[in-house]
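Below is one structure; the comments refer to it alone.
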Amino acid sequence: MTLDLFAQPAGKEIIAPGACLLRGLALARESAIWQALQSVIAQAPLRHMQTPGGLTMSVAMSNCGPLGWVSDRQGYRYQALDPLSQQPWPAMPAEFMALAQQAAILAGFADFTPDACLINQYAVGAKLSLHQDKDERDQSHPIVSVSLGLPATFQFGGLQRSDKLLRTELQHGDVVVWGGPSRLRYHGILPLKSGTFSYMGTYRYNLTFRRAS
DNA sequence: CAGTGGCC
DNA sequence: TCGC
């Protein structure tokens, strides 16, 4: 037993150097975040993107902010226009920005101003295989990941795909932040389990904030 | 069944 | 090759 555990603010779990889990941080802004999310996906519908290999991702995705992450047969990239509409992605809601910046500060990353928010919708069975977030120009900025709706098992590994994985259940309102020496850690989400419900419906939503450019 | 390697 |  160590005193370090008690040196952290309540609800903050250090999971690796530069990485932490802020349990329930989004709950205080739940209503505003949920409303803003509905508005964004009404303007830029969730869609199943293709991988460069031509397969369809099980997670439905959209974006808000100046840049959006897209995948198709040409590869992964950030772009200013929604390929479905050829219009800019919806603006980043102020409530999204405030939550992302609060989480980054609590995690020890000052001056985080995301220019991209990837929205992932997981139905039962949807998953995201182990991967690294490495499409961003400047990897000195952290990743801020907000969980809403149904719970899911998060895998958090090392800098090599074969490294041992931490597995933890992410609940509605939890926020994970990773940056610095953990910025390129592999991570993923196991297939969403059935049998659970929330007032947000039978989905898990994930908001992933990045500084892409 | 979780983890690993390899796919072209 | 963020899937199988």
Side-chain angles (χ1 to χ4, degrees), chain A residues 15-16 18-19 21 37 40-41 44-84 89 96 100 114-139 141-170 174-179 182-196 203-213:
Chain A
I15 58 179
L21 183 36
L37 175 58
V40 167
I41 62 181
L46 293 158
R47 80 294 304 262
H48 293 271
M49 297 185 185
Q50 304 292 119
T51 66
L55 298 172
T56 301
M57 297 181 72
S58 61
V59 174
M61 299 175 160
S62 186
N63 292 277
C64 63
L67 291 172
W69 186 86
V70 298
S71 177
D72 58 23
R73 287 181 189 80
Q74 328 308 326
Y76 309 137
R77 65 193 173 278
Y78 284 94
Q79 60 179 52
L81 301 184
D82 179 348
L84 283 186
W89 297 102
F96 281 21
D115 59 6
C117 173
L118 174 63
I119 297 162
N120 291 160
Q121 184 200 55
Y122 296 75
V124 171
K127 63 185 168 58
L128 212 47
S129 302
L130 210 58
H131 68 278
Q132 295 171 296
D133 289 2
K134 56 181 180 184
D135 301 319
E136 300 73 28
R137 272 211 218 301
D138 180 356
Q139 294 171 351
H141 298 284
I143 300 290
V144 173
S145 172
V146 177
S147 294
L148 299 169
L150 297 185
T153 303
F154 180 60
Q155 296 177 314
F156 195 65
L159 302 183
Q160 302 189 143
R161 200 171 185 258
S162 57
D163 289 343
K164 192 183 320 187
L165 300 173
L166 167 75
R167 300 172 75 212
T168 189
E169 198 78 353
L170 294 181
D174 290 348
V175 181
V176 186
V177 182
W178 62 96
S182 288
R183 178 60 178 72
L184 289 177
R185 282 181 185 264
Y186 277 87
H187 56 282
I189 290 286
L190 295 183
L192 202 75
K193 292 177 279 198
S194 61
T196 50
Y203 294 103
R204 171 178 189 262
Y205 293 91
N206 181 70
L207 311 177
T208 308
F209 297 91
R210 305 100 184 268
R211 163 61 62 164
S213 66

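These numbers were taken from a predicted model, which means no experiment stands behind them. First the proteins, then the strands, lettered A, B, ... as listed; each starts at 1.
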Would you mind telling me which of B:dT4, C:dC4, B:dG3 lies closest to the side-chain atoms of A:S162?
B:dT4
Less than 4.0 angstrom from a charged side-chain N to a carboxylate O is my criterion; do A:R185 and A:D133 meet it?
no
Would you kindly give the [atom1]-to-[atom2] distance between [X] and [N], to the nearest whole Å?
X      : N     : atom1 : atom2 : answer
A:K127 : B:dG3 : NZ    : P     : 15 Å
A:D163 : B:dT4 : CG    : P     : 8 Å
A:H131 : C:dC4 : NE2   : P     : 14 Å

Flag for A:S213-A:D115: side-chain donor and acceptor within less than 3.5 Å
yes
Is the closest side-chain donor-acceptor distance between A:N63 and A:W69 under 3.5 Å?
no
I need the single residue from A:V175, A:T168, A:V177 that forms a side chain to side chain contact (heavy atoms under 4.5 Å, CB included) with A:L21. Which is it?
A:T168
Both distances under 3.5 Å, Watson-Crick or G-U wobble: report the partner of B:dG6, or none.
C:dC4
For a quick check of understanding: with a heavy-atom distance under 4.0 Å over all strands, which category does A:K164 fall into, base, sugar-phosphate or nothing?
nothing
Students often get this wrong, so: under 4.0 angstrom with heavy atoms, is A:N120 touching a base, only sugar-phosphate, or nothing?
nothing
I'd like to check A:S62 versus A:W89 (side-chain heavy atoms, cut-off strictly below 4.5 Å). Are they in contact?
yes
All N/O pairs under 3.5 Å across the protein-nucleotides 6-8 of chain B interface:
none

Parallel, tilted or perpendicular: ring planes of A:W178 versus A:F154, cut at 30 and 60 degrees
tilted
